[in-house]
Amino acid sequence: MSIIDKIVLNPVQREAVLYDDGPQLVFAGAGTGKTRVLTAKIAWLIEQGLYPAEIFAATFTNKAAREMRSRVEALTSLPVEGMWIGTFHSMCARILRREGTHIGYLPSFTIYDTADQLSLMKKVLKSLQIDDRSMPPRQALGKISSYKNSCTPPEKLENEARSFYDQELIRVYKAYQKALRDQQAMDFDDLLANTVYLFERAPAVLERYRHAFKHVLVDEYQDTNTAQFLFLKLLSQNHGRVFVVGDDDQSIYGWRGAQIENILSFEREFPGTKVFTLEQNYRSTKVILDFANAAIKENQTRAPKKLWTSRDSGDEVTVNRFRDDRQEGDAVAERIEELQRKGVKGGDMAILFRTNAQSRVFEEVLRRRKIPYILIGGISFYERAEIKDCLAYLRLLVNPKDNVSFERIFNLPSRGLGEKAYENLAELAGKRNESLLEALLTGDPAALAPRYQQGFSEVRDIFALLADCEKQHEPPPQIFNEMLKLSGYMDMLTGEDTEESAGRIENINELANALTIWTEEQHPDKGLADFLEEVTLATDVDAWDQKDEAVNMMTLHCAKGLEFRCVFLVGLEDGIIPSRQNFDDEKKVEEERRLLYVGITRAMQRLECSHVDYRWRFGDLIPGYPSRFLQSIPQELYTFRDRSNYFGTPAAEEKKKAKKERAGLRQASLLTPSARPRTPVYDRDDFSQETVEFRMGQFVTHRIYGRGRIVSISGFGEDMKLSVLFNDGSRKKLMAPYIRTALSYTTNK
DNA sequence: GGCGTAAGACTTTTT
DNA sequence: GTCTTACGCC
């Protein structure tokens with residue numbers, strides 16, 4: 001029985017799988033069976049006699065790669081270890097480890113994450129004597145990143161730099177790249193760009209890979225950047241067997257250099273392309289699809305298409321209006337409990353939001369109500385300080401040129417070494433033209449100032465001993481334990497004996513466990529370096545172990561490619577989605593609309609959207625309005641419920657609480673942060689109309705703080721902030737909507 | 001050199 | 001509200 005009969009495919013899907021005559025572009029709308037087609041295609045190719053090792057398939061996450069690999073194995077009943085399937089970044093890293101010598105890199109190079117990049121950039125700016133304020137490190141990194149994403153080395157920019165800033169930026173770009181090279185490190189962008197440079201500079205190498213990969217497949221093609229496009233072109237030019245799958249309506253990584261044009265102009269770039277369009281959706285109900293189609297329709301830059309389904313209408317899509325984000329959190333939690341009582345598993349539900357900061361409220365309310373949840377993304381495990389510290393030790397062991405890691409740990413735990421000691425060693429390293437650790441290990445100890453010798457000899461011993469362990473081929477988990485002991489890091493934490501240090505120890509134990517499982521159960525033949533690479537290139541979704549009971553929470557970006565029975569799409573306000581920062585650029589607004597579209601199309605059966613009137617931000621309450629995207633969706637496609645509830649029980653509760661707090665305030669006369677009421681009480685008619693004008697010196701009242709006088713005004717409209725001197729002597733900064741003129745207060749009373 | 005407090009920045013999204 | 005950085009004191 002052929003593969004093609006083992007997997008259910010509709011006519012278009014089947015055609016796409018069986019076509020074998022040059023470049024193929026598959027427009028696969030959300031939920032149209034994209035993964036199915038991709039899997040079937042690979043399995044079919046293998047059935048046709050292709051060796052798995054001749055297939056190069058790029059997926060968006062490592063998790064997707066793992067799943068696809070096992071599905072292909074199930075279909076073909078063949079082991080397919082040799083197949084190259086993974087993220088662009090991980091496969092480029094693999095190529096660069098093998099071939100990097102052609103561009104000046106050892107196989108042991110380190111991959112720098114965003115935090116490492118930042119510390120390196122700070123060092124670079126310092127060495128060039130450029131002030132942080134004239135060129136913020138993050139900004140410089142952002143610009144350099146976009147250059148690298150389009151494979152533009154600094155040399156290519158030299159003739160175009162007009163302004164002083166641009167010239168400085170080129171200097172910084174060059175110095176940054178040199179610093180990376182010097183310490184045998186690459187950042188995420190380098191993995192892609194350097195592979196392209198490698199192919200350009202070493203044609204023989206390119207030829208080998210062209211020959212090796214007979215078929216190139218790419219998932220989520222709409223999110224590829226120029227570097228990835230060039231990579232694909234180089235790799236597939238002579239045979240033209242490129243199979244890309246994507247959906248321009250789900251292109252959401254433009255800010256990271258992704259070019260939606262890549263998918264829109266694929267046919268032009270790869271002549272003879274055959275296009276397939278999948279429009280039948282198998283995921284969502286008709287009601288949800290209608291809602292999604294209406295949302296995305298507004299976009300100008302898109303290939304025309306419309307999802308359809310043969311499924312039933314399904315439950316209504318709801319749009320709820322809440323008073324503030326806390327009420328939104330409570331209401332969503334209540335709905336979750338309700339659905340759980342009806343038998344829906346937590347794992348079938350997801351709360352999706354635009355920004356990570358929005359997760360907080362939901363975490364709090366779910367924890368309070370003891371509803372299990374998983375937060376995907378945010379500050380990941382591997383970004384925690386103690387984890388990064390441990391990894392820095394290990395990274396140094398693999399690559400002793402890594403100065404960023406050295407700087408992180410040379411005085412951790414404290415060995416009496418500080419900035420002056422660092423400079424002392426850096427001077428020695430400079431003279432010897434070595435990295436910091438190399439200079440320490442091989443240089444003359446007497447060259448260092450006597451007061452630092454004790455501390456530095458401790459560091460020297462640690463790495464000398466660890467290097468021995470490695471030489472004797474001790475397994476990674478054992479080396480890790482040695483490191484914890486020798487470095488004194490564990491002792492430092494046990495010595496602290498606080499709740500915080502206990503948590504850190506727990507995290508480190510978790511890391512140790514992960515390393516043990518990784519080594520013993522999954523990769524007995526691999527070493528520390530491989531573990532470190534996997535850990536830095538892991539996506540947020542990779543670390544997600546979906547549980548039956550736990551409600552899923554993540555950003556819209558993270559949710560791409562996933563599906564859930566019930567989806568709560570929260571915080572749909574203008575300024576959140578679309579993000580305020582993208583207001584000015586219609587192209588960016590379109591990307592935000594696609595982001596909303598991605599969110600909507602995650603839902604299989606039930607979609608509940610919400611927006612709030614007020615949102616807490618930086619300790620302030622900011623007014624908000626329903627997203628412009630919602631406003632452009634016809635009303636008959638959803639059920640609107642105003643649940644803003646300004647008069648109900650919660651408000652009454654808060655009124656009582658606020659009264660108490662107010663009494664406390666008067667007594668304390670000191671406005672300590674804890675004494676400050678966290679939630680102002682507001683009735684609908686409390687809000688001043690936008691037309692109300694405030695002026696300096698005016699008497700006003702506030703529900704909680706009472707009567708006072710305006711001493712300064714900033715901002716305007718709904719964002720206006722007033723500084724008010726109250727009768728009890730306190731001075732507060734307040735949002736205009738919560739303040740009324742004294743006159744209206746008395747009439748209301 | 002280490003530690004504490006205070007002021008300031010920060011939030012879009014991530015390999 | 002939280003995290004990072006700067007500065008002053010021990």
Side-chain angles (χ1 to χ4, degrees), chain A residues 58-63 86-93 111-119 122 132-133 136-138 141-142 145 148-149 186-193 220 223-225 227-228 251-258 325 352-361 364 376-380 382-383 385 411-422 451-452 455 533-543 554-560 571 575-583 588-589 591-592 594-596 598-599 615-622 673-674 676 678:
Chain A
T59 56
F60 205 68
T61 64
N62 297 296
K63 193 181 161 87
T87 63
F88 267 107
H89 286 88
S90 61
M91 292 194 293
C92 283
I111 300 168
Y112 277 0
D113 68 14
T114 320
D116 304 320
Q117 284 185 61
L118 192 64
S119 23
K122 283 179 182 166
D132 267 21
R133 278 162 302 190
R138 280 170 204 279
L141 281 170
S145 171
K148 292 202 214 174
N149 283 330
M186 295 195 201
D187 63 21
F188 291 131
D189 304 319
D190 283 329
L191 294 175
L192 307 174
E220 306 283 9
D223 283 320
T224 52
N225 62 28
Q228 288 159 330
S251 163
I252 55 174
Y253 283 100
W255 52 275
R256 208 170 78 183
D325 45 354
L352 306 181
F353 32 75
R354 175 66 179 80
T355 68
N356 281 311
Q358 286 167 262
S359 70
R360 237 195 124 78
V361 184
E364 275 168 19
I376 298 139
I379 304 131
S380 87
Y382 290 104
E383 284 167 49
N411 193 37
L412 211 92
S414 175
R415 304 178 177 105
L417 302 172
E419 206 177 326
K420 293 274 180 270
Y422 177 88
R451 59 184 302 203
Y452 308 132
E533 173 172 318
E534 196 168 305
V535 153
T536 28
L537 291 184
T539 67
D540 290 322
V541 174
D542 291 338
M554 67 195 89
T555 63
L556 290 165
H557 282 90
C558 264
K560 196 174 76 158
I576 304 279
I577 182 162
S579 162
R580 193 172 307 281
Q581 289 160 70
N582 291 335
F583 275 0
K588 290 181 176 171
V589 171
E591 180 159 315
E592 296 272 322
R594 293 194 290 267
L595 199 48
L596 175 68
V598 167
R615 181 170 292 282
W616 288 95
R617 221 180 152 221
F618 301 144
D620 269 332
L621 207 48
I622 310 289
S674 61
R676 205 172 100 193
R678 287 163 59 90

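What's counted below: heavy atoms across the whole structure, side chains too, no hydrogens, waters or symmetry copies. Here is how names work: the chains are called A, B, and so on, in the same order as the sequence lines, proteins then strands, and each is numbered from 1.
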Can you tabulate the close N/O pairs, meaning under 3.5 Å, that link protein atoms to atoms of nucleotides 7-11 of chain B?
unit_1, atom_1, unit_2, atom_2, d
dT11(B), O3', Gln581(A), NE2, 2.9

Practice item. Using distance alone, with no hydrogens and no angle criterion, decide if Asp113(A) and Thr536(A) have a side-chain donor and acceptor under 3.5 Å apart. Key: no

Point to revise | dT4(C) to dT13(B) separation - P atoms, rounded to the nearest Å | key: 15 Å

Study note, to complete from the structure: Rounded to whole Å, the CG-C1' distance (Leu192(A) to dT15(B)) equals 8 Å

Check your understanding: Rounded to the nearest Å, what distance is computed from the CZ atom of residue Phe60(A) to the C1' atom of nucleotide dT14(B)?
Key -> 8 Å

Check your understanding: Quick one: which of dT2(C), dG2(B), dT15(B) gets closest to the side chain of Asn411(A)?
Key -> dG2(B)

Practice item. Specify the separation, in whole Å, of atom NZ of Lys122(A) and atom P of dT5(C). Key: 4 Å

Review point. Can you tell me how far C1' of dT14(B) sits from CD of Glu591(A), to the nearest Å?
Key: 12 Å

Check your understanding: Does dT14(B) have OP1 or OP2 sitting under 4.0 Å from an N or O in the side chain of Asn356(A)?
Key -> yes

Check your understanding: Want to settle it: does Asp189(A) or Ala421(A) sit nearer the 5' end of DNA chain B, counting the closest nucleotide to each?
Key -> Ala421(A)

**Study point:** Comparing Lys420(A) and Arg256(A) on DNA chain B - which has the more 5′ nearest nucleotide
**Key:** Lys420(A)

Review point. Rounded to the nearest 0.5 Å, how far apart are CG of Asn356(A) and CE of Met554(A)?
Key: 11.5 Å

Exercise for review: Would you mind reading off the distance between Glu419(A) atom CD and dG1(B) atom C1', rounded to a whole angstrom?
Suggested key: 11 Å

Practice item. May I ask you to evaluate whether Ser414(A) reaches the phosphate of dG1(B), defined as a side-chain N or O under 4.0 Å from OP1 or OP2? Key: no

Review point. Any sub-3.5 Å donor-acceptor pair from Glu364(A)'s side-chain atoms to Val361(A)'s backbone N or O?
Key: no

Point to revise | Sugar-phosphate only, base, or nothing, as touched by Ser579(A) at under 4.0 Å among non-hydrogen atoms | key: base

Review point. How close or far is atom P of dT14(B) from atom CD of Glu220(A), stated in whole angstroms?
Key: 15 Å

Practice item. Using the six-membered ring for Trp and the full ring for Phe, Tyr or His, decide whether Phe88(A) stacks on the six-membered base ring of dT15(B) (centres under 5.5 Å, planes under 30°). Key: no

Check your understanding: Distance only, no hydrogens: is a donor on one side chain within 3.5 Å (strictly under) of an acceptor on the other, for Thr539(A) and Asp542(A)?
Key -> yes

Exercise for review: Let me know the distance between CG of Leu621(A) and P of dG1(C), rounded to the nearest Å.
Suggested key: 13 Å

Exercise for review: When you get a sec, tell me which of dT15(B), dT13(B), dG1(B) is the closest nucleotide to the side chain of Tyr452(A)?
Suggested key: dG1(B)

Review point. If you look at every heavy atom in Ser145(A) and Asp189(A), which pair is closest and at what distance?
Key: OG-OD2, 2.9 Å

Practice item. In whole angstrom, give the distance that lies between atom CG of Asp540(A) and atom C1' of dT13(B). Key: 11 Å

Exercise for review: Indicate, with a heavy-atom threshold strictly under 4.0 Å, whether Leu417(A) touches base, sugar-phosphate, or nothing.
Suggested key: sugar-phosphate

Check your understanding: Salt-bridged, Lys588(A) to Glu591(A), with N to O below 4.0 Å?
Key -> no

Review point. Okay, side chain of Ser414(A), backbone of Asn411(A): is any donor-acceptor separation there less than 3.5 Å?
Key: no

Exercise for review: When you get a sec, tell me which of dG1(B), dG1(C), dT14(B) is the closest nucleotide to the side chain of Arg360(A)?
Suggested key: dG1(C)

Point to revise | Pairing residues for Ser579(A) by the side-chain hydrogen bond (donor to acceptor under 3.5 Å, both in side chains) criterion, not counting sequence neighbours | key: none

